[in-house]
Student: 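Shown below is the structure under consideration.
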Number of protein chains: 2
Amino acid sequence: MSKQLSNVDRVYEALRQMAADFAFKPDQRINESELSKLLGASRTPLREALNRLVAEGFLTFQNNRGFFCRSLTPKYILDLYEARVAIECEALRLACRRAKDHEITALGDYLEQIEPDYESGSDPAEQLAMDEAFHLRLAQLSGNDELGRMLRNLNDRIRYIRLIDLKRLRDKTGKRVPGELSAHSRIFLALSGRDPAAAEAAMRGHIEKRREAATEAVQIAFSQLYVPQD
Amino acid sequence: MSKQLSNVDRVYEALRQMAADFAFKPDQRINESELSKLLGASRTPLREALNRLVAEGFLTFQNNRGFFCRSLTPKYILDLYEARVAIECEALRLACRRAKDHEITALGDYLEQIEPDYESGSDPAEQLAMDEAFHLRLAQLSGNDELGRMLRNLNDRIRYIRLIDLKRLRDKTGKRVPGELSAHSRIFLALSGRDPAAAEAAMRGHIEKRREAATEAVQIAFSQLYVPQD
DNA sequence: GTATTCTAAATTGTATACAATTCTGTATGC
DNA sequence: GCATACAGAATTGTATACAATTTAGAATAC
């Protein structure tokens with residue numbers, strides 16, 4: 001009847017958020033004592049949480065030197081985008097075979113529901129959250145829990161860069177994100193028609209297009225991380 | 001100049017092996033004190049290692065109840081096989097584009113080198129290790145570290161079942177594993193010819209065929225895990 | 001016999017202490 | 001100036017102690 005979440009879980013969630021947002025700068029060494037004070041827990045649960053994040057690829061670990069933030073390089077981000085292609089395309093193929101009609105209908109309703117917010121120049125972070133939610137629901141229609149789990153992990157590690165890319169896209173095109181929604185619609189229509197080849201092609205193109213802008217986004221990320229913003 | 005590996009690393013490797021081999025039975029609760037005595041370390045580093053394994057999907061964790069072995073169900077194993085298809089097919093597509101000629105040649109040499117051991121009825125565990133090594137090298141030709149990392153994780157979680165499947169296959173076909181080597185050859189030839197479609201088709205069929213036998217292998221796994229062997 | 005409550009034992013959760021190691025800055029030699 | 005050696009400070013690694021919680025079993029009621 002009391003708290004369901006353990007302290008380690010709380011610390012873990014906080015650290016995951018921090019790591020996703022690069023609150024730790026790339027390759028930065030993490031001071032355990034300092035961090036444990038900040039999070040209001042001793043080093044024991046803190047280190048347990050840090051170890052989880054190492055296994056998930058958010059941090060690295062060196063014996064007797066402690067924990068470090070993952071580095072941020074174009075190669076790393078390009079790899080993550082490619083891994084997304086692998087996971088999402090296969091999930092989509094499976095979804096074409098397995099998703100129930102009512103599940104597809106429900107996803108279509110969701111797409112329509114978020115359309116106004118997506119169109120209007122709402123908060124980029126919200127917009128990205130909606131995008132991730134759509135992609136995740138799509139992946140979940142495969143019925144494969146591992147693929148969903150992997151996608152969630154990839155999303156969390158790539159989010160910081162995707163957010164930069166999204167903002168840039170908006171600036172360049174004046175509050176409108178062109179082609180994005182129609183890309184989602186194209187994927188959805190292929191799924192509705194149970195056409196795996198068309199669905200996969202649409203998904204692949206959709207992700208690939210953003211991947212091509214990733215290197216540039218990484219450059220911007222560095223300038224944001226190391227230069228005072230305003 | 002002294003030990004490079006930390007105690008946590010040592011404990012982690014041991015636990016990972018145990019978890020892969022289902023030295024912990026599915027859903028079994030793990031007693032920390034007992035295990036720490038067994039591994040010759042205190043509960044602090046033990047729990048750090050256990051947390052890594054939770055993040056990797058080998059174990060689960062319930063607040064105030066501790067760590068448990070992952071459960072073993074046909075659905076779980078089928079999901080892992082599907083995830084392998086996702087990772088390996090995409091890696092292979094990328095390899096067709098990116099692998100250097102000399103890398104492909106080297107892989108071909110490796111394939112020829114292991115052929116005699118693979119053909120003869122050598123130790124099934126060794127045979128599986130060779131199979132995994134081939135698939136991993138293939139994936140690494142993609143140049144994508146994330147895909148390699150994901151495949152390694154999947155391999156470790158699925159190995160126990162694959163070993164059972166492989167033994168069964170040998171028993172049924174009298175020391176010969178038919179079609180296996182030629183499947184690898186077919187994949188390799190398509191890669192050599194830089195034909196992603198053919199390569200992916202061969203890979204997909206190769207994995208899918210074993211996936212179809214997975215449910216049966218899970219049944220056998222249970223009988224092995226809960227009945228004295230000899 | 002079954003269900004319920006209670007108590008003691010077992011187990012997990014986490015803070016802390018201290019050993020081992022690395023890091024930092026200063027002094028020394030060339 | 002530059003490299004090296006060294007000492008002290010800082011940091012990580014891990015055992016241990018004890019609190020919090022769950023579990024197991026006995027006693028009781030129906």
Side-chain angles (χ1 to χ4, degrees), chain A residues 1-19 22-71 226, chain B residues 1-19 22-71 226:
Chain A
M1 217 45 64
S2 59
K3 65 170 175 178
Q4 195 76 329
L5 232 62
S6 78
N7 199 14
V8 173
D9 286 334
R10 183 181 62 76
V11 169
Y12 164 77
E13 291 297 341
L15 287 176
R16 191 184 169 99
Q17 188 74 50
M18 291 172 75
F22 282 102
F24 310 113
K25 302 221 184 311
D27 300 307
Q28 180 193 334
R29 185 172 179 174
I30 292 171
N31 186 315
E32 296 174 16
S33 312
E34 200 179 312
L35 195 54
S36 75
K37 249 191 306 187
L38 180 69
L39 296 172
S42 80
R43 282 176 56 222
T44 307
L46 170 62
R47 283 179 59 108
E48 292 187 9
L50 289 170
N51 270 284
R52 284 197 211 174
L53 292 165
V54 168
E56 290 180 322
F58 288 94
L59 306 176
T60 61
F61 174 78
Q62 284 176 253
N63 188 26
N64 286 321
R65 306 212 332 119
F67 298 88
F68 298 78
C69 183
R70 69 195 181 286
S71 52
Y226 292 105
Chain B
M1 211 51 60
S2 60
K3 66 170 176 178
Q4 194 77 327
L5 232 63
S6 79
N7 199 13
V8 173
D9 286 333
R10 184 181 61 77
V11 169
Y12 165 75
E13 291 298 340
L15 287 175
R16 191 184 169 99
Q17 189 74 49
M18 291 173 74
F22 281 104
F24 312 112
K25 302 220 184 310
D27 299 307
Q28 181 193 332
R29 185 173 177 174
I30 292 172
N31 186 315
E32 295 173 16
S33 313
E34 201 179 314
L35 195 54
S36 75
K37 249 191 306 186
L38 180 69
L39 296 173
S42 80
R43 283 176 55 223
T44 307
L46 171 62
R47 283 179 59 108
E48 291 187 10
L50 288 169
N51 271 284
R52 284 197 210 172
L53 292 165
V54 167
E56 290 180 321
F58 288 94
L59 306 176
T60 62
F61 174 78
Q62 283 176 254
N63 188 26
N64 287 321
R65 305 211 332 117
F67 298 88
F68 296 79
C69 183
R70 68 196 181 286
S71 52
Y226 292 106

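Residue numbers begin at 1 in each chain, while the letters A, B, ... track the order of the sequences. If you're wondering where the values come from, they're calculated on a predicted model, not measured in any experiment.
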Student: Can a donor-acceptor pair under 3.5 Å be found between the side-chain atoms of A/R43 and the base atoms of D/dG13?
Tutor: yes
Student: Among the candidates D/dT11, D/dG13, C/dA15, find the nucleotide nearest to the side-chain atoms of A/N31.
Tutor: D/dT11
Student: From CG of A/L35 over to C1' of D/dT12, roughly how many Å is that when rounded to an integer?
Tutor: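 For the pair A/L35 CG and D/dT12 C1', the rounded distance is 14 Å.
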Student: Rounding to a whole Å, what distance do you find between A/L46:CG and C/dG13:P?
Tutor: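 Between P of C/dG13 and CG of A/L46: 16 Å.
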Student: Whole angstrom is fine here: how far is it from CD in A/E32 over to P in C/dA20?
Tutor: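 Result: 18 Å.
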Student: Do B/D9 and B/R52 sit within salt-bridge range, that is, some charged N less than 4.0 Å from a carboxylate O?
Tutor: yes
Student: Distance-only, no hydrogens or angles: does the B/R16 side chain make a donor-acceptor pair with backbone N or O of B/F58 under 3.5 Å?
Tutor: no
Student: Please state whether the phosphate of C/dG13, meaning OP1 or OP2, lies under 4.0 angstrom from any side-chain nitrogen or oxygen of A/N7.
Tutor: no
Student: Taking side chain as C-beta onward, heavy atoms only, is A/L38 less than 4.5 Å from A/M18?
Tutor: yes
Student: Over how many whole Å does the gap from A/N64 atom CG to D/dG13 atom P extend?
Tutor: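 Those two atoms, CG and P, are 5 Å apart.
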Student: Take the protein atom NZ of A/K37 and the nucleotide atom C1' of C/dA15, then report the distance between them rounded to whole Å.
Tutor: 15 Å
Student: Mind checking if A/F67 touches a base, just sugar-phosphate, or nothing, with heavy atoms under 4.0 Å?
Tutor: nothing
Student: A/G40 or A/R29: which one's nearest nucleotide on DNA chain C is closer to the 5' end?
Tutor: A/G40
Student: What integer distance in Å separates A/I30:CD1 from D/dG13:P?
Tutor: 12 Å
Student: A/S71 and A/D27: which non-hydrogen atoms are nearest, and at how many Å?
Tutor: CB-OD1, 2.9 Å
Student: Please say whether the positively charged group of B/R29, taken as NZ for Lys or CZ for Arg, lies over the ring of B/F24, i.e. under 6.0 angstrom from the six-membered ring centre and within 45 degrees of the axis.
Tutor: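 That pair does not qualify as a cation-pi contact.
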Student: In whole angstrom, what separates B/E34's CD from C/dT12's P?
Tutor: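 Computing the B/E34:CD to C/dT12:P distance gives 10 Å.
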Student: Just to confirm, is there a sub-4.0 Å distance from OP1 or OP2 of D/dT12 to any side-chain nitrogen or oxygen of A/R47?
Tutor: no
Student: Please report, rounded to the nearest Å, how far the C1' atom of C/dT12 is from the CG atom of B/L50.
Tutor: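 Value for this atom pair: 12 Å.
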Student: Given D/dG13, is OP1 or OP2 found less than 4.0 Å from the side-chain N or O atoms of A/N63?
Tutor: yes
Student: Spell out yes or no: do the side chain of A/T44 and the base of C/dT16 have one donor N/O and one acceptor N/O closer than 3.5 Å?
Tutor: yes
